[in-house]
Amino acid sequence: MSNNKTAKTLKSFMREEIQAYNSVLDLVGNTPLIKLQNITKNLKGNFFAKVEAFNPGHSSKDRIALYILEQAEKKGILKPGDTIIETTSGNTGFSIAMVSVIKGYECILAVSSKSSPDKIDMLRTMGAKVYVCPANVSADDPRSYYEVAKRLHKEVKGSVYINQYFNELNIDAHYHSTGPEIWNQTKGQITHLVACSGTGGTISGTAKYLKEQNPNIEVLGVDAFGSVLKSFHETREFDKDEIYPYRIEGLGKNLIPSATDFDAIDEFVKVTDQESAHTARELAKSEGLFVGYTSGAAVQAVKQYAEAGKFDENSNIVVILPDHGSRYMSKIYNDQWMEDQGFFDTVQEENPKKIEYVK
Ligand code: PMP
């Protein structure tokens, strides 16, 4: 009692400490787990969303950008003023640009001319130098964004090429953050993980950590129709006939990334562009979660796994929602775009186009 009193008295003589983070980088990771209340109510099991939009760059890619650059610093590969190179206009590019601002690196992103002007503007806003490369050339053409990135990496002294599809550190980043967070948040009671696979870093690193804690945890992957990942997982053969264009960005692939540990994944399911888009819109309306296209894909996969009888009343399912909805305003959250894709042809939503103008 008297000790407490002394502590209190001393404190009153000191200035209160200002509560502030040193930079946005202190907020990377430790994203919340949110119980799904409505969208899964007719399914057996307890469903929890790991909402990666709470990262400061609004996606799970903050984790790999920060981790990979810090590993390069530890190994003495990177010094302030050096240059980071990557080939993406998506979430990874944005996260690398954000981390580069705080750490004082130059950031060069070689992107495809297919990237929307909005995306290119976002990257430039974050201080990145953007090379827009023609989309309609083969990967080995010197003008392709792969080749431009490789050339710049050779030319720019002290540059680091992240190459997320073939970088082991992509897996390690999630092994050291996403995996332990989910294990601790669920107090070890997780039974199933559902996660999208693009580079495969998220699902592989998280799965590796969780299975080391409890090998019975089932890891369920999400793939897109038009991608080779599911068939490669099942046959270990690359089937180019599986490949065709699809709408969902960031999910599935037309090559086999070495950042995917196929042995850590138990099963894949494929989801359609249309159902994933409607499920993303349903997440906003039923859970108040404004998340990206692949988040819709992940919850669509949850529904399909549930319908296939994967879960029972005692299952604790964690589904990773990779990014924020704001990046998809001109796509899945735009009714005209939805209509143009034919996504309202067979599925009706309640008043999808209704806006009331008050005069
Ligand atoms: N969703 C989105 C929106 C993404 O950008 C990505 C990354 N390509 C993924 C899911 C898949 O994550 P990963 O690359 O770790 O497999």
Side-chain angles (χ1 to χ4, degrees), residues 29 31 49-53 55 57-68 86-96 109 111-112 115-116 119 122-123 162-179 182 193-209 219-224 227-230 232-233 246-262 264-265 268 271 273 276-277 279-280 283 289-301 319-328 331-333:
T31 54
K50 177 82 169 151
V51 187
E52 290 294 290
N55 281 296
H58 302 156
S59 88
S60 55
K61 294 297 179 178
D62 283 2
R63 297 176 186 270
I64 71 163
L66 184 59
Y67 184 83
I68 293 175
E86 184 57 320
T87 52
T88 166
S89 63
N91 289 323
T92 307
F94 188 82
S95 297
I96 293 170
L109 301 168
V111 310
S112 147
S115 309
S116 71
K119 281 193 170 171
M122 273 170 66
L123 301 175
I162 303 277
N163 205 3
Q164 60 170 338
Y165 284 91
F166 297 95
N167 191 334
E168 290 273 303
L169 295 176
N170 180 355
I171 297 185
D172 293 354
H174 293 283
Y175 176 84
H176 290 292
S177 68
T178 321
I182 292 174
L193 173 75
V194 178
C196 294
S197 205
T199 66
T202 307
I203 192 167
S204 307
T206 308
K208 189 171 165 220
Y209 182 87
V219 175
L220 306 172
V222 185
D223 192 18
S227 153
V228 290
L229 300 178
K230 181 175 190 287
F232 184 81
H233 181 254
Y246 55 91
R247 303 259 178 273
I248 312 174
E249 297 162 57
L251 169 65
K253 206 56 204 166
N254 56 2
L255 51 77
I256 305 301
S258 67
T260 309
D261 178 357
F262 285 89
I265 302 163
F268 270 107
V271 291
D273 289 337
S276 302
T279 303
L283 271 166
L289 280 170
F290 186 45
V291 286
Y293 204 169
T294 55
S295 299
V299 175
Q300 177 57 33
V319 54
I320 299 182
L321 308 187
D323 72 352
H324 195 260
S326 56
R327 289 184 182 159
Y328 305 88
K331 297 207 168 164
I332 55 171
Y333 298 120

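As the structure lists them, so they are numbered: ligands from 1, and atoms in each ligand from 1.
Taking the six-membered ring where tryptophan is involved, the planes of Phe290 and Tyr333 are tilted, since the angle between them lies from 30° to 60°. Using cut-offs of 30° and 60° on the angle between ring planes, the pair Tyr67 and His176 is parallel.
Panel note: side chain Asn91, backbone Ser59; no donor-acceptor pair is recorded below 3.5 Å. Side-chain N or O atoms of His233 include one that pairs as donor or acceptor with a backbone N or O of Ile265 at under 3.5 Å.
At under 3.5 Å, a nitrogen or oxygen of Gly200, whether backbone or side chain, sits near a nitrogen or oxygen of ligand 1. Checked against a 3.5 angstrom limit, the closest N/O atoms of Gly198 and ligand 1 fall inside it. The shortest N or O to N or O distance between Pro322 and ligand 1 is not under 3.5 Å. Residue His174 places no N or O, backbone or side chain, under 3.5 Å from any N or O of ligand 1. Distances between N or O atoms of Tyr328 and those of ligand 1 include no value under 3.5 Å.
For the residue pair Ile248 and Ser276, the shortest heavy atom distance occurs at CD1-OG, 3.6 Å.
Of all the atoms in ligand 1, the ones that sit under 4.0 Å from a non-hydrogen atom of Ser197 are 16 (O). In summary, the atoms of ligand 1 found under 4.0 Å from a heavy atom of Thr202, numbered by their order in the structure, are 12 (O), 13 (P), 15 (O). Taking every non-hydrogen atom of Gly201 and a distance limit under 4.0 Å, the qualifying atoms of ligand 1 come out as 15 (O), 16 (O). Atoms of ligand 1 found under 4.0 Å from any heavy atom of Asp323, numbered from 1 in the order shown, are 3 (C).
Within the cation-pi definition used here (under 6.0 Å to the ring centroid, within 45° of the axis), Lys331 does not qualify as a partner of Tyr293.
Among Thr199, Ile171, Leu251, Thr178, the residue whose heavy atom lies closest to atom 13 (P) of ligand 1 is Thr199. Between atom 2 (C) of ligand 1 and the options Ile248, Thr294, Ile64, the minimum heavy-atom separation is to Thr294.
If you check which protein heavy atom lies closest to atom 6 (C) of ligand 1, you get Gly250 O, 3.3 Å.
Counting heavy atoms under 4.0 Å from ligand 1, residue Lys61 touches it through the side chain alone.
Each of Asn163, Thr260, Asn170 was evaluated against Thr199; a single residue qualifies, Asn170, per the side-chain hydrogen bond (donor to acceptor under 3.5 Å, both in side chains) test.
Under the 4.0 angstrom criterion for non-hydrogen atoms, Asn91 is in contact with ligand 1.
Rounded to the nearest 0.5 Å, atoms NE2 (His324) and CG (Leu289) are 9.5 Å apart.
For the pair Lys119 and Glu249, the salt-bridge criterion is met [side-chain N within less than 4.0 Å of a carboxylate O].
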